[in-house]
Amino acid sequence: GVDNIDIVFNELDILSAIDLKSRTFKETKRTFKIIRLGTTGGLSSKINVDDILFSRYAIGIDGIPHHYKYNSNLFEEKLSQEFAQTTNWSKKLAEPYAVKSSDFLWNHMYEKQFIKGITLTMNGFYAPQGRSLRIPLSQPDVLEKSDCISFNNLQVSNIEMETAGLYAFGKIFNHEVISLSTVLANRATGLFSSNPSKSIENLIKFALSKIESF
């Protein structure tokens with residue numbers, strides 16, 4: 001989840017800025033290239049299980065980036081506002097935010113045969129993702145309402161729990177970040193991957209081939 005990404009990102013970032021021998025800050029901070037590989041659930045019937053999906057934008061609802069002072073121009077305010085309006089986002093919950101992936105890594109990694117879209121990064125597995133076992137949900141139709149959101153010719157495509165935080169901290173700390181996922185389930189069709197290990201292996205092999213060409 002984004003709370004743990006916050007820990008990882010801060011500790012990675014300090015390594016980019018400090019000289020470990022002298023324990024002093026460097027004059028020039030290193031910029032990291034961070035490639036996140038993960039699994040995700042598709043939200044559109046047009047997305048097949050085992051597809052590789054690139055997150056061009058991500059919407060987060062955890063509120064953690066708002067604890068930092070940052071230039072609001074780094075984020076995609078129009079997209080976050082559209083999400084909040086379309087879903088009738090409750091004022092009791094954290095203000096949504098939206099962030100774009102690294103242009104540099106996108107141009108190097110993305111290939112046209114793969115899906116690209118807007119990722120919903122939720123801050124929990126059950127209620128935030130529309131799942132209920134015993135207790136009713138306060139906003140049960142967030143995923144359904146998100147289906148009609150369009151931004152820069154892209155639709156909301158999938159759901160997971162880390163990407164928006166990675167993109168947000170990438171912008172705030174000035175590192176290049178991109179998130180790739182393999183689709184192991186589809187919430188719209190109810191289908192699941194019959195061979196998730198193979199699907200994950202294909203994603204890893206593709207990413208490594210791209211990393212080798214840097």
Chemist: Determine, using ring centers only, whether Tyr70 and Phe75 are less than 6.0 Å apart.
Modeler: yes
Chemist: If you apply the rule side chain to side chain contact (heavy atoms under 4.5 Å, CB included), what do you find for Lys33 with His108, and how did you get there?
Modeler: CA-CA 11 Å; Lys33 298 177 182 67; His108 184 82; over 6 Å; no
Chemist: Can you check side chain to side chain contact (heavy atoms under 4.5 Å, CB included) on Leu93 and Ile61, steps first, answer last?
Modeler: CA-CA 8 Å; Leu93 303 175; Ile61 63 163; over 6 Å; no
Chemist: If we count only N and O atoms by modelled type, under 3.5 Å, do the side chains of Ser199 and Ser193 hold a donor and an acceptor together?
Modeler: no
Chemist: Once the angle between the rings of Phe54 and Trp106 is folded into 0 to 90°, is it parallel (under 30°), tilted (30 to 60°) or perpendicular (over 60°)?
Modeler: perpendicular
Chemist: Measuring from atom CG of Asn88 to atom CG of Asp141, what distance do you get when rounded to the nearest 0.5 angstrom?
Modeler: 7.5 Å
Chemist: Looking at Tyr68, I'd like to know if its OH atom is crowded, meaning that more than 12 non-hydrogen atoms belonging to other residues, nucleotides or ligands lie closer than 6.0 Å.
Modeler: yes
Chemist: Assess the side chains of Asp103 and Asn107: does a donor N or O sit below 3.5 Å from an acceptor N or O?
Modeler: no
Chemist: Is the shortest distance from a Lys or Arg side-chain nitrogen in Lys29 or Asp13 to a carboxylate oxygen in the other one below 4.0 Å?
Modeler: yes
Chemist: Could you check whether Gln81 and Glu77, counting side-chain N and O atoms only, form a donor-acceptor pair closer than 3.5 Å?
Modeler: yes
Chemist: Check the angle between the aromatic planes of Phe9 and Phe169 and answer parallel, tilted or perpendicular using the 30° and 60° thresholds.
Modeler: tilted
Chemist: Going through the checks in order, is the side chain to side chain contact (heavy atoms under 4.5 Å, CB included) test met by Thr182 and Asn202?
Modeler: CA-CA 9 Å; Thr182 183; Asn202 290 338; over 6 Å; no
Chemist: Can you tell me if Asn158 uses its side chain to pair, donor with acceptor, with the backbone of Val183 under 3.5 Å?
Modeler: no
Chemist: Around atom CZ of Phe25, are there more than 12 heavy atoms of other residues, nucleotides or ligands at under 6.0 Å?
Modeler: no
Chemist: Does atom CG (Asn153) have a neighbourhood of more than 12 heavy atoms from anything else shown, all under 6.0 Å?
Modeler: no
Chemist: Does a donor on one side chain and an acceptor on the other come within less than 3.5 Å for Ser181 and Thr40?
Modeler: no
Chemist: Does a salt bridge link Glu82 with Lys78, judged by any charged N lying under 4.0 Å from a carboxylate O?
Modeler: no
